[in-house]
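Note that ligands are numbered from 1 as they come in the structure, with each ligand's atoms numbered from 1 the same way.
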Amino acid sequence: MAVAIRADLADVPDYNIPRQTPDAVLLNANEVPVPPSPAVVEAIARAAVEGHRYPQWFSDTLVSRLAEVLGVPEPWIGVGCGSVSLCQQLIQAYCGPGDDIVCAWRSFDAYPVLGRIAGVAVRTVPLDSEHRHDLPAMLDAITPATRLVFVCNPNNPTGTAVRTQELGEFLDRVPDNVLVVLDEAYREFVTSPDVPDGIALALRRQNVAVLRTFSKAYGLAGIRVGYCVAPPAVVAAANKVSVPFAVSSLAQAAAMAVLDHPGEVRDRIGTVVRERERLHAGLTKLLSCPGHRAVPPSHANFLWLPLGERSVAFADFCARHGVLVRAFPGDGVRITVGLPEENDAFLCAADRFAFLAPPRGPRRVPRLT
Ligand SMILES: *Cc1c(COP(=O)(O)O)cnc(C)c1O
């Protein structure tokens with residue numbers, strides 16, 4: 001008899017792995033469009049020289065450096081193999097069979113998958129009419145079985161953010177025995193003063209963990225390193241269930257190196273923010289025809305087009321014109337901010353999509369010349 005996979009995993013959806021067609025414009029994975037600087041590549045190469053040695057188990061050097069940069073005591077910082085790994089570690093450390101987790105929907109698609117893998121129930125709470133977390137409804141969704149609540153701020157894939165006051169009120173009401181995980185993968189792209197800095201909040205509470213990553217604004221998605229800022233007991237819990245040596249010495253060195261070049265990161269963020277606003281204006285114009293919902297302002301490095309049933313058709317149309325964007329069937333399309341010329345290519349394709357055409361029946365596809 002064949003070895004059977006756990007029965008409860010059978011209907012867990014597989015991750016939607018972004019396509020990486022060569023030569024296409026890749027606006028489908030929220031990556032930054034520029035490669036690491038030569039100094040970062042050199043730091044990785046230097047670390048490779050010691051590649052026969054195991055890395056530091058808990059990334060101590062990087063933890064110290066982050067403590068300095070963030071102004072946070074070292075025991076409050078944990079490093080992981082990407083912040084997705086830290087999501088998984090926190091679920092694993094705090095939740096078991098019979099427990100549940102609460103998250104918004106749509107939000108990051110890893111939360112329900114990781115919950116199901118851990119064998120816990122996942123309660124999803126619909127976003128409000130402006131594609132934002134409905135925090136009062138999330139509060140209502142918490143049960144005595146709830147161990148952990150994810151708040152993705154800004155939210156992937158809608159780019160919307162919860163405000164300082166509403167988040168403060170939410171945190172005041174969440175029971176002390178429920179951990180609130182503020183996933184701030186895109187925090188560095190926030191320019192609005194009204195969007196909270198989770199780290200400041202976490203430092204004042206016992207049940208808040210903030211997740212940050214080097215994959216987005218820092219441009220190291222392929223290197224795999226992220227961190228959490230949380231009370232020492234929470235960091236210790238996450239560390240307890242980590243895969244041994246999960247964060248490679250190359251990843252630790254790369255993170256140290258990007259932290260040494262804050263100017264490069266700032267410049268990159270500035271470019272993304274400028275292009276984000278340009279894309280938002282362009283898309284708002286395209287969707288100004290009747291029957292379309294507004295394009296929500298984004299606080300991240302991507303935009304959300306709430307196209308509903310036409311989302312897949314739009315993404316396929318863009319793909320045929322050489323631009324890959326990410327469709328969420330029935331909901332919308334997420335477009336990552338790329339280089340100016342990549343964004344132009346996208347706007348050019350979007351401009352040819354018949355937003356006003358009736359949604360049924362086959363349509364003729366205009367070709368880019
Ligand atoms: C990209 C992303 C992450 C970070 O992923 P890494 O594992 O650090 O690459 C975490 N949360 C959200 C919501 C994201 O979009």
Side-chain angles (χ1 to χ4, degrees), residues 15-18 20 26-33 36 59 62 66 77-92 101-115 117 122 124 127 131-133 148-162 180-190 195 198-199 209-230 238 242-243 246-248 250-252 254-255 258-259 265 269 272 276 298-304 325-326 328 331-337:
Y15 283 108
N16 183 323
I17 298 165
Q20 292 178 315
L26 300 177
L27 305 183
N28 61 343
N30 292 351
E31 299 150 340
V32 293
S59 310
L62 179 56
L66 282 168
I77 299 172
V79 171
C81 173
S83 59
V84 165
S85 172
L86 289 161
C87 291
Q88 181 161 38
Q89 287 165 245
L90 290 172
I91 294 173
Q92 206 176 358
I101 65 175
V102 170
C103 64
W105 198 251
R106 275 199 185 264
S107 189
F108 191 31
D109 35 14
Y111 307 144
V113 174
L114 294 174
I117 289 172
V122 181
T124 53
L127 298 173
H131 318 284
R132 292 156 24 91
H133 280 60
L148 204 148
V149 178
F150 282 104
V151 176
C152 185
N153 203 38
N155 187 44
N156 177 9
T158 58
T160 52
V162 300
V180 178
V181 181
L182 289 178
D183 185 343
E184 296 191 332
Y186 302 95
R187 182 63 183 78
E188 294 84 357
F189 298 109
V190 169
V195 176
I199 292 179
V210 177
L211 301 183
R212 300 263 178 106
T213 180
F214 286 97
S215 295
K216 306 288 160 56
Y218 288 94
L220 298 177
I223 308 289
R224 313 303 308 135
V225 53
Y227 60 94
C228 83
V229 177
S242 73
V243 168
V247 186
S248 75
L250 277 57
Q252 295 181 34
V258 286
L259 290 174
V265 180
I269 292 169
V272 166
R276 170 178 85 197
S298 170
H299 298 272
N301 69 333
F302 52 85
L303 286 133
W304 176 246
V325 295
R326 170 87 188 270
F328 296 83
D331 273 358
V333 179
R334 190 191 67 197
I335 302 111
T336 305
V337 178

Proximity flag Asn30 to ligand 1, non-hydrogen atoms under 4.0 Å: no
Between Arg326 and Asn30, is any side-chain donor less than 3.5 angstrom from a side-chain acceptor? no
Is it the case that ligand 1 has an N or O less than 3.5 angstrom from some N or O of Ser85? no
Is it the case that the side chain of Asp183 and the backbone of Val84 share a donor-acceptor pair, with hydrogens and angles ignored and the cut-off at 3.5 Å? no
Please confirm whether Cys152 approaches ligand 1 to less than 4.0 Å, judged on its heavy atoms. yes
Selection from Lys216, Arg212, Arg224 by shortest heavy-atom distance to atom 2 (C) of ligand 1: Lys216
Taking the six-membered ring for Trp, are His131 and Trp304 parallel (under 30°), tilted (30 to 60°) or perpendicular (over 60°)? perpendicular
Part of Ser215 within contact of ligand 1 (heavy atoms, under 4.0 Å): side chain
Measure from the side-chain N and O atoms of Arg276 to the backbone N and O of Ala300, and report whether any donor-acceptor pair falls under 3.5 Å. yes
Examine ligand 1 and decide if any of its atoms is less than 4.0 Å from a heavy atom belonging to Gly226. no
Say whether Phe214 and ligand 1 are in contact under the criterion: heavy-atom distance to a ligand atom below 4.0 Å. no
Audit row: Thr160, Asn155, side chain to side chain donor-acceptor pair (under 3.5 Å) steps and yes/no: CA-CA 5 Å; Thr160 52; Asn155 187 44; 4.6 Å; no
